[in-house]
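These notes are about the structure you will find just below.
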2 protein chains.
Amino acid sequence: MSDQQERQPPSRRIAEELRAAIMRGDLGDGDQLPSERDLAARYATARNTAREALGILQAEGLAQAQHGRGVFVRLRRPLMRMGRDRYSRRARNETGLSPFRIEVERQGRTPHTECRSVTTVQPPAEVAQRLGLDARQEVIRRENWYFADDEPMQVGVTYIPTTVVEGSPLATEKKLGRGSIYQRFEDLGYPIARIREELSARMPTPEEVKGLSIPPGVPVIELLHTSLDGDGRAFEVTRFVMRADVNGLDYEMPVED
Amino acid sequence: MSDQQERQPPSRRIAEELRAAIMRGDLGDGDQLPSERDLAARYATARNTAREALGILQAEGLAQAQHGRGVFVRLRRPLMRMGRDRYSRRARNETGLSPFRIEVERQGRTPHTECRSVTTVQPPAEVAQRLGLDARQEVIRRENWYFADDEPMQVGVTYIPTTVVEGSPLATEKKLGRGSIYQRFEDLGYPIARIREELSARMPTPEEVKGLSIPPGVPVIELLHTSLDGDGRAFEVTRFVMRADVNGLDYEMPVED
DNA sequence: GGCGGCAACTGGCTTAAGCCAGCTTCGATG
DNA sequence: CATCGAAGCTGGCTTAAGCCAGTTGCCGCC
């Protein structure tokens with residue numbers, strides 16, 4: 001044991017040894033870690049100290065506890081690659097699918113989307129700004145949940161100026177039938193030509209943990225998407241919250257001069 | 001107290017009440033939370049139970065403990081917006097600066113970059129793949145650390161095929177003098193024309209926590225960047241690890257057909 | 001062979017008590 | 001007025017013990 005290790009409190013030292021075992025591959029995806037009681041005996045320490053060590057690994061996203069079963073190395077999962085191409089007309093025309101469905105099917109899973117509400121609201125300030133609206137102007141708010149094999153992957157809250165969707169089922173209906181929302185915008189005279197995507201990452205709120213079934217130690221990616229037509233008009237803003245253990249972004253694009 | 005709250009263990013209920021106070025704005029950025037001992041007295045509970053509650057908020061990125069001082073609401077900081085424009089020749093020519101420096105100065109802070117090593121290595125598999133190399137072919141590896149006002153913001157490990165930088169200080173020198181690495185690539189016959197950026201988010205490793213001074217409950221954004229020239233040749237791959245509390249990405253781009 | 005119950009495993013969470021170490025504030029002294 | 005030391009605040013961490021609740025495996029019985 002190195003000098004640095006010697007000075008560490010036992011909970012951190014135990015965590016360090018378990019982490020090293022995971023990193024070396026001695027403990028692989030899905031493998032069970034020693035129990036709290038087992039570690040306590042093995043390291044001649046209190047059960048709570050061992051439990052603290054396991055908690056450190058969970059907070060780092062390396063392990064996941066299951067009540068009554070044990071603590072397991074968290075599975076590293078293939079990420080869904082969400083990219084610019086998901087908005088392309090070619091992708092839409094070839095498959096008739098929305099960007100999310102394309103990617104889920106690419107992974108051999110069954111996509112399923114659920115619109116949970118359609119309301120008329122005043123937009124958040126950052127949304128109003130991107131839509132070029134006065135904050136008092138109301139917009140249509142659609143809340144969509146995205147699943148793969150019944151597993152929640154992300155949630156998207158879409159804001160659309162009422163003028164864009166007057167008379168369209170987009171303004172009133174949860175169920176829109178098959179096809180992409182962007183085909184509908186095109187039919188309404190708003191063909192998507194440019195997008196802006198602003199990304200950040202943070203820890204999920206308890207509501208997001210619950211709604212998206214996010215394991216401990218897993219952050220979310222927050223993606224603020226703006227759609228613009230050929231004239232540069234923003235006609236839709238969507239705030240996505242994506243589980244970071246199953247979602248990634250993948251952009252390929254020219255460098256502007 | 002609602003039925004749901006009534007059934008929650010005390011540590012979660014205390015956390016919930018503190019979280020609500022933060023969300024309501026009753027506790028603002030930088031405000032001190034009640035101490036462990038104070039909460040224990042107030043809720044007639046054990047100090048460790050109160051401590052557990054504060055730990056929940058730290059894990060969510062809402063609070064930060066300081067040894068001997070207290071627990072404080074974590075500051076929400078303005079994000080540096082890293083985007084496609086950071087690679088543009090116009091931005092480079094107008095400022096003579098690298099993309100990182102442009103953004104730090106935009107925030108009124110002092111940028112500072114430090115190359116910590118230049119070595120020749122065999123690339124990781126995912127890097128070899130993106131550079132179109134056999135994994136046995138060696139590449140130049142440069143490790144750069146990026147600071148704003150002496151605060152570490154991100155680290156980037158750059159891989160460049162040796163053929164691209166033969167005879168260039170890029171292959172051998174830590175200090176490159178003023179100007180952008182992409183100007184040097186242009187001078188070497190590799191003008192950047194396209195980029196690919198693959199993004200994900202995760203919790204940082206202990207080494208990253210230490211090196212980047214990441215507060216608890218703050219994830220990192222991992223950005224795998226590939227630079228391509230006009231012929232579609234990849235000439236550089238950089239893996240960035242960015243503190244998610246101070247970095248965000250911001251892309252505006254045409255939708256491809 | 002299937003089913004149910006029980007024992008033994010597991011994690012979830014609390015308690016009371018304690019000691020260590022960092023930081024802040026206040027009072028005494030020069 | 002400045003400095004230093006002590007007291008009192010703070011968080012870091014452990015201990016021993018305990019009880020609750022979920023899961024699993026095994027054994028007995030039908």
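By convention in this document, chain letters (A, B, ...) are assigned in the order of the sequence lines, proteins followed by strands, and residues within each chain are numbered from 1. Reckoned from all heavy atoms, side chains included, excluding hydrogens, waters and symmetry mates.
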(message) Can you build the contact string for nucleotides 10-17 of chain D? Use B for base contact, S for sugar-phosphate-only contact, and - for no protein heavy atom under 4.0 Å.
(response) BBBBBBBB
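Within the structure, the salt bridge (charged side-chain N to carboxylate O under 4.0 Å, His left out) test picks out the following pairs touching residues 212-223 of chain B (sequence neighbours left out): B/R202-B/E222, B/E222-B/R239. Among pairs with a residue in residues 110-119 of chain A, those fulfilling salt bridge (charged side-chain N to carboxylate O under 4.0 Å, His left out) read A/E114-A/R116, at least two apart in sequence or across chains.
One atom, CZ of B/F72, and another, C1' of C/dG22, lie 12 Å apart when rounded to the nearest Å.
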Just distance, no hydrogens or angles: give the donor-acceptor pairs under 3.5 Å from side chains in residues 66-75 of chain B, sequence neighbours left out.
{"residue": "B/Q66", "atom": "OE1", "partner": "B/R69", "partner atom": "NH1", "Å": "2.1"}
{"residue": "B/R74", "atom": "NE", "partner": "B/G61", "partner atom": "O", "Å": "2.8"}
{"residue": "B/R74", "atom": "NH2", "partner": "B/G61", "partner atom": "O", "Å": "3.2"}

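Under the ring pair (Phe, Tyr, Trp, His ring centres under 6.0 Å) criterion, A/Y43 pairs with no residue at all, not counting sequence neighbours. A/Y251 is linked by a ring pair (Phe, Tyr, Trp, His ring centres under 6.0 Å) to B/Y251, counting only residues two or more places apart in sequence or in another chain.
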